[in-house]
Participant: 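Sharing a structure with you now.
These numbers come from a predicted model, not from an experiment.
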Amino acid sequence: MAYGKSIELFLANGTADSLIIAELSNWNGKAIKIPRIEVADCKRDDINGAGVYFLFCKEEDDTDSVYIGESETVQDRLIQHIRDYNAEKEKFYWTTAVIFLGRDLNKALIRYLEDRFVQIARECKRYNVLTKNTYSRTVMKEAHIAAMEEFIDNVRVLINALGYKVLEPTVQNTSSSTQDDEILYLSTGAAKATGIVTTEGFVLLAGSVVNEKVSEKSLSKGAIALRKKHFNSGKVKDLTTTEDILFSSSSAAADFVTGYSVSGPAMWKNAVGKPLKEIESR
């Protein structure tokens, strides 16, 4: 059973564009969101403690990337990242850092956290993960592992609340929590697709078969470009989706599958043939 949670946000400089402290009720950890341009001059003691950090980047093709790291002196490490970029030792440019600190964190614990966060971010596939190597064989007591897994759960909540879904799968536990009556189907021509409505939009599920041909007269330029982008990225192979793909609406997903402009609420139907527009009208 899920329980409500309380998050306290403190705008350290009175603006949401500057340093933000985020704390979860009944947890001794905290999150610090800080712009790149404020890192070097920040005078807070806690920002230079032991913790893990996420560096968020926007690539030239508008895709999102993240570097996940750990350090016993986080601020010093972030400053080193900036120096390495200026010296052309690092190729990625990050604009925002989100740092997670906690009491009694040590080198072994933050190495464990870094490795787990990299694993989770890669599995979620929302961001391109820039971290190359982690300490995947950190030996810890069972009690410490349990405590760090709870730490990870709390980080998921806070980083999502701060606007970064780097640790959130596109569909929550598809194999176990998605009921048959929630899955929607679209079948036309060679296309046979499945999808689901989520809080973010509409997710086309992995294994969906899409039509090969595209009607450039029917589809918008944006829809055509999006189709090419997903095909080129490897998310579609042999006309079959290789992973879950998030769309802004059911119609956008239906256009992608069919290759021409259609009404998503009319085309997507549940297992008994009821269209989405009737389901939502209830």
Participant: What distance separates E23 CD from I32 CD1, expressed to the nearest 0.5 Å?
Facilitator: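 So the CD of E23 and the CD1 of I32 are separated by 9.0 Å.
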
Participant: When you look at NZ of K192, are more than 12 heavy atoms from neighbouring residues, nucleotides or ligands closer to it than 6.0 Å?
Facilitator: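 Atom NZ in K192 is not packed in, count stays at 12 or less.
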
Participant: State the CZ-CD1 distance between R36 and I79, to the nearest 0.5 angstrom.
Facilitator: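 One gets 11.5 Å once the value is rounded to the nearest 0.5 Å.
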
Participant: Do the side chain of D115 and the main chain of R111 share a donor and acceptor less than 3.5 angstrom apart?
Facilitator: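 The answer is no, because no donor-acceptor pair under 3.5 Å joins these two groups.
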
Participant: Is there a donor-acceptor pair closer than 3.5 Å between any side-chain N or O of T73 and the backbone N or O of D76?
Facilitator: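 Answer holds: no.
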
Participant: Hey, what's the ring geometry for F256 with F247, parallel, tilted or perpendicular (30° and 60° as the breaks)?
Facilitator: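 Rings of F256 and F247: tilted, as their planes differ by 30° to 60°.
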
Participant: Is it possible for you to say whether L226 and L219 belong to one hydrophobic cluster, with membership spreading through side-chain heavy-atom contacts below 4.5 Å?
Facilitator: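 No; tracing contacts between hydrophobic side chains, which count when under 4.5 Å, never links both residues.
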
Participant: When you measure from the side chain of S251 to the backbone of S263, do you find a donor-acceptor pair of N or O atoms at a distance under 3.5 Å?
Facilitator: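 Not a single qualifying donor-acceptor pair exists.
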
Participant: Determine whether S65 and E59 satisfy the following criterion, side-chain hydrogen bond (donor to acceptor under 3.5 Å, both in side chains), listing intermediate values before the conclusion.
Facilitator: CA-CA 7 Å; S65 297; E59 304 295 344; 2.7 Å; yes

Participant: Side chains of I245 and K125: does their closest heavy-atom pair fall under 4.5 Å?
Facilitator: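 Result no, sub-4.5 Å side-chain heavy-atom pair not found.
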
Participant: For a ring-ring contact (aromatic ring centres under 6.0 Å, His included) check, start with the C-alpha distance between F92 and Y67, then their side-chain angles and the critical distance, and finish with the verdict.
Facilitator: CA-CA 9 Å; F92 63 91; Y67 181 94; 5.3 Å; yes

Participant: Can a donor-acceptor pair be found, under 3.5 Å and without considering hydrogens, that links the side chain of D84 to the backbone of K89?
Facilitator: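 Pair absent, no side-chain N/O of D84 close to backbone of K89.
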
Participant: Do Y53 and I47 land in one hydrophobic cluster if side-chain heavy atoms of ILVMFWY residues count as linked below 4.5 Å?
Facilitator: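 In one cluster with Y53: I47, yes.
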
Participant: T170 side chain to L246 main-chain N or O, any donor-acceptor pair under 3.5 Å?
Facilitator: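 No; zero donor-acceptor contacts below 3.5 Å.
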
Participant: Under 3.5 Å, is there a donor-acceptor pair linking the side chains of E38 and S18?
Facilitator: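 There is such a pair (donor and acceptor under 3.5 Å, judged by atom type) between the side chains of E38 and S18.
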
Participant: How about N106: does its CG atom have over 12 heavy atoms from other parts shown lying under 6.0 Å from it?
Facilitator: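 Yes, because the 6.0 Å sphere around CG of N106 holds more than 12 heavy atoms from other groups.
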
Participant: Does the ring centre of W94 sit less than 6.0 Å away from the ring centre of F54?
Facilitator: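 They do not qualify: ring centres at least 6.0 Å apart.
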
Participant: Are there more than 12 heavy atoms of other residues, nucleotides or ligands under 6.0 Å from atom CG of N133?
Facilitator: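 Not buried by this count: 12 neighbours or fewer within 6.0 Å.
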
Participant: Are V129 and V98 grouped together when hydrophobic residues (ILVMFWY) are joined by side-chain heavy atoms under 4.5 angstrom apart?
Facilitator: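 Shared cluster, yes.
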
Participant: Check for me whether the distance between the ring centres of W27 and F151 falls short of 6.0 Å.
Facilitator: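 Yes, they do, as the ring centres are separated by less than 6.0 Å.
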
Participant: Shared ILVMFWY cluster between I145 and Y135, side chains joined below 4.5 angstrom?
Facilitator: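 No.
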
Participant: Tell me whether K228 at atom NZ has more than 12 heavy atoms from other residues, nucleotides or ligands lying less than 6.0 Å away.
Facilitator: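 No - once you tally the heavy atoms of other residues, nucleotides and ligands closer than 6.0 Å, there are 12 at most.
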
Participant: Can you find a pair of side-chain heavy atoms, one from V262 and one from W268, that are under 4.5 Å apart?
Facilitator: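 With C-beta onward as the side chain, the pair stays apart.
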
Participant: Over 60° means perpendicular and under 30° means parallel, so tell me whether F56 and Y164 are parallel, tilted or perpendicular.
Facilitator: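 Taking Y164 first and then F56, their aromatic rings lie parallel (interplane angle under 30°).
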
Participant: With a 3.5 Å distance limit and no angle check, can you tell me whether N211 reaches the backbone of A191 through a side-chain donor-acceptor pair?
Facilitator: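 Yes, because the side chain of N211 sits within donor-acceptor range (under 3.5 Å) of the backbone of A191.
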
Participant: For L162 and A22, which heavy atoms make the closest approach, and how far apart are they?
Facilitator: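 Closest approach of L162 to A22: CD2-CB, 4.3 Å.
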
Participant: Measure from the side-chain N and O atoms of T242 to the backbone N and O of K237, and report whether any donor-acceptor pair falls under 3.5 Å.
Facilitator: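 No; judged by distance alone, with no hydrogens or angles, the pair does not exist.
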
Participant: Taking D46 first and then K30, would you say they form a salt bridge - that is, a charged N and a carboxylate O separated by under 4.0 Å?
Facilitator: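 Between K30 and D46 there is a salt bridge, with a charged N closer than 4.0 Å to a carboxylate O.
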
Participant: Judged by modelled atom types alone, do E150 and N154 share a side-chain donor-acceptor pair under 3.5 Å?
Facilitator: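 No, N154 and E150 have no side-chain donor paired with an acceptor closer than 3.5 Å.
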
Participant: State, without any angle test, whether Y112 and E149 hold a side-chain donor-acceptor pair at a distance under 3.5 Å.
Facilitator: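 The answer is yes; a qualifying pair exists.
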
Participant: Tell me if a side-chain donor or acceptor on N160 pairs with a main-chain N or O of R156 at a distance below 3.5 Å.
Facilitator: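 Checking the backbone N and O of R156 against the side chain of N160, no donor-acceptor pair under 3.5 Å is found.
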
Participant: Looking at R126 and E200, is any side-chain nitrogen of the basic one under 4.0 Å from a carboxylate oxygen of the acidic one?
Facilitator: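 Salt bridge between E200 and R126, a charged N being under 4.0 Å from a carboxylate O: yes.
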
Participant: Would R122 and F117 count as a cation-pi pair here, with the cationic atom under 6.0 angstrom from the ring centre and within 45° of the axis?
Facilitator: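 Relative to the ring axis of F117, which defines the angle, R122 lies outside at least one limit.
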
Participant: Between the main-chain N or O of T194 and the side-chain N or O of S208, is there a donor-acceptor pair closer than 3.5 Å?
Facilitator: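 Checking the backbone N and O of T194 against the side chain of S208, a donor-acceptor pair under 3.5 Å is found.
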
Participant: Under 4.0 Å between a Lys/Arg side-chain N and an Asp/Glu carboxylate O for K107 and E70?
Facilitator: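 Yes, charged N to carboxylate O under 4.0 Å.
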
Participant: Heavy-atom distance under 4.5 Å between the side chains of V257 and V209, does that happen here?
Facilitator: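 Heavy-atom side-chain distance check fails, nothing below 4.5 Å.
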
Participant: With a 3.5 Å distance limit and no angle check, can you tell me whether Q75 reaches the backbone of V39 through a side-chain donor-acceptor pair?
Facilitator: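 Checking the backbone N and O of V39 against the side chain of Q75, a donor-acceptor pair under 3.5 Å is found.
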
Participant: Taking a hydrophobic cluster as the set of Ile, Leu, Val, Met, Phe, Trp and Tyr residues connected by side-chain heavy atoms closer than 4.5 Å, whether directly or through intermediates, do Y93 and L78 fall within one such cluster?
Facilitator: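 Per the 4.5 Å side-chain linkage, Y93 and L78 are not co-clustered.
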
